[in-house]
Amino acid sequence: MESLKERILRDGRCFPGGILKVDSFINHQMDPILMKSIAVEFVRRFASEDINKVITIEASGIAPAIMVGYLLELPVVFAKKKKPSTMQNMLVTKVYSFTKDNTYDVCVSRDFLCKGDRVLFIDDFLANGNAAKGMIDLAAQAGAEIAGMGFIIEKAFQHGGDMLRSLGMRVESLAIIESLDNCEIKIR
């Protein structure tokens, strides 16, 4: 997706340790026009899949997931990083966040991720694949199936995409970062 790649090169900022900041247009301040284009591209790529829900993990995946759900006219579920006191009958898994250097108990209600669901997982970044592995675990616990995984940005050098593809997951990434060496953004 050329407009996304151009925006990453123009407005993305690189920091040591393989960190790419896109907070001025994707995951803090959002560009709704770009987000709509991202959602349209995900819908195009997953058009052949039989999906009945879109799912993500809070917080940065919510905006693209909502846009995709809106276009597909499907419900959107987001797994929570804190167990709400009001949630009962929940599925729980642990997810390590590379960016925050923290492990979260991620949960979703069994009322919203159910046996027989075919879900599309949408997130902003694919790095080591920890959030995606957590979602795979939650889906397995529910008896649901992940029909595909869509990521706005994949950091190929962190190999999460390789791991997911080796598990047989259908992974679609709209921009693939080959390298952030010397704080230079190199896009595939």
Decide yes or no on side chain to side chain contact (heavy atoms under 4.5 Å, CB included) for Ile122 and Met149, but give the supporting numbers first. CA-CA 6 Å; Ile122 298 291; Met149 296 188 155; over 6 Å; no
Check salt bridge (Lys or Arg N to Asp or Glu O under 4.0 Å) between Asp123 and all other residues, then give those that pass, not counting sequence neighbours. none
Please step through side chain to side chain contact (heavy atoms under 4.5 Å, CB included) for the pair Val54 and Ile66, ending with a clear verdict. CA-CA 8 Å; Val54 177; Ile66 286 282; over 6 Å; no
Does Leu174 reach the side chain of Phe42, with side-chain heavy atoms less than 4.5 Å apart? yes
Salt bridge flag under 4.0 Å for residues Arg188 and Glu178: yes
Under 4.0 Å between a side-chain nitrogen and a carboxylate oxygen: does that hold for Glu41 and Arg45? yes
Find out if a path of hydrophobic residues (ILVMFWY) with successive side-chain heavy-atom gaps under 4.5 Å connects Tyr70 to Phe112. no
Heavy-atom check, side chain of Ile185 versus side chain of Ile177, under 4.5 Å: yes
Salt bridge (Lys or Arg N to Asp or Glu O under 4.0 Å) partners for Asp23, two or more places apart: Arg13, Lys21
Rounded to the nearest 0.5 Å, the CD1 atom of Ile152 sits from the CG atom of Asp124 at a distance of 6.0 Å
Asn102 atom CG, over 12 foreign heavy atoms within 6.0 Å: yes
As an exercise, state the distance from NZ of Lys5 to CD1 of Ile187, rounded to the nearest 0.5 Å. 7.0 Å
Nearest heavy-atom approach of Gly148 to Leu120 is O-CD1, 3.4 Å
Do Asp117 and Ile55 have side chains that approach each other closer than 4.5 Å (heavy atoms only, starting at C-beta)? no
Can you list the steps and then say if Ile136 with Leu164 is a side chain to side chain contact (heavy atoms under 4.5 Å, CB included)? CA-CA 10 Å; Ile136 291 168; Leu164 293 173; 3.7 Å; yes
Do Phe25 and Ile8 have side chains that approach each other closer than 4.5 Å (heavy atoms only, starting at C-beta)? yes
Atom pair OG1 (Thr103) and CG (Asn130), whose distance is rounded to the nearest 0.5 Å: 8.5 Å
If hydrophobic clusters are built by linking Ile, Leu, Val, Met, Phe, Trp and Tyr wherever their side-chain heavy atoms come under 4.5 Å apart, do Ile153 and Met169 end up in the same one? no
Are side-chain N/O atoms of Asn128 and Tyr96 paired as donor and acceptor at under 3.5 Å? no
Do Arg7 and Leu34 come within less than 4.5 Å of each other through their side chains, counting heavy atoms only? yes
Contact between Leu20 and Val22 at the side-chain level, heavy atoms closer than 4.5 Å - yes or no? yes
Salt bridge check: are Glu154 and Arg165 linked by an N-O gap of less than 4.0 Å? yes
Spacing of OH belonging to Tyr104 relative to OG1 belonging to Thr93, to within rounding of 0.5 Å: 15.0 Å
Begin with the C-alpha distance, continue with both residues' side-chain angles, and end with the deciding distance and a verdict on side chain to side chain contact (heavy atoms under 4.5 Å, CB included) for Ser109 and Met90. CA-CA 4 Å; Ser109 171; Met90 71 178 89; 5.5 Å; no
Same apolar cluster: Ile146 and Leu91, side chain cutoff 4.5 Å: yes
Looking at every non-hydrogen atom in both residues, tell me the closest pair between Cys183 and Cys14 and how far apart they are. CA-SG, 3.2 Å
Please name the pair of heavy atoms, one in Leu138 and one in Ala79, separated by the smallest distance, quoted to 0.1 Å. CD1-CB, 4.2 Å
Do Arg110 and Lys115 have side chains that get closer than 4.5 Å, going by heavy atoms? no
Does any N or O in the side chain of Gln158 come within less than 3.5 Å of the main-chain N or O of Ala127, such that one atom is a donor and the other an acceptor? no
What are the two closest non-hydrogen atoms of Ile176 and Ala156, and how far apart are they? CG2-CB, 3.7 Å
Could you state the interatomic distance from OG (Ser173) to CG (Leu126), rounded to the nearest 0.5 Å? 5.5 Å
Between Glu145 and Arg118, is the closest basic N to carboxylate O distance under 4.0 Å? yes
Expected output: side-chain Lys94 to main-chain Gly134 donor-acceptor under 3.5 Å: no
If you round to the nearest 0.5 Å, how far is CE of Met1 from CD of Glu172? 13.5 Å
Show every ring-ring contact (aromatic ring centres under 6.0 Å, His included) that has at least one partner inside residues 113-165, sequence neighbours left out. Phe121-Phe151
NZ/NE/NH1/NH2 to OD/OE distance under 4.0 Å, Lys81 and Asp105: no
Please say which of Leu72, Leu74, Val77 ends up in a side-chain contact (heavy atoms from CB on, under 4.5 Å) with Lys53. Val77
Heavy-atom closest contact (Val76 atom, Ala65 atom, distance): CG2-O, 3.5 Å
So, for Ile26 and Met35, which heavy atoms are closest and what is the spacing to 0.1 Å? O-CE, 3.7 Å
With a 4.5 Å heavy-atom cut-off, do Met135 and Val95 have their side chains touching? no
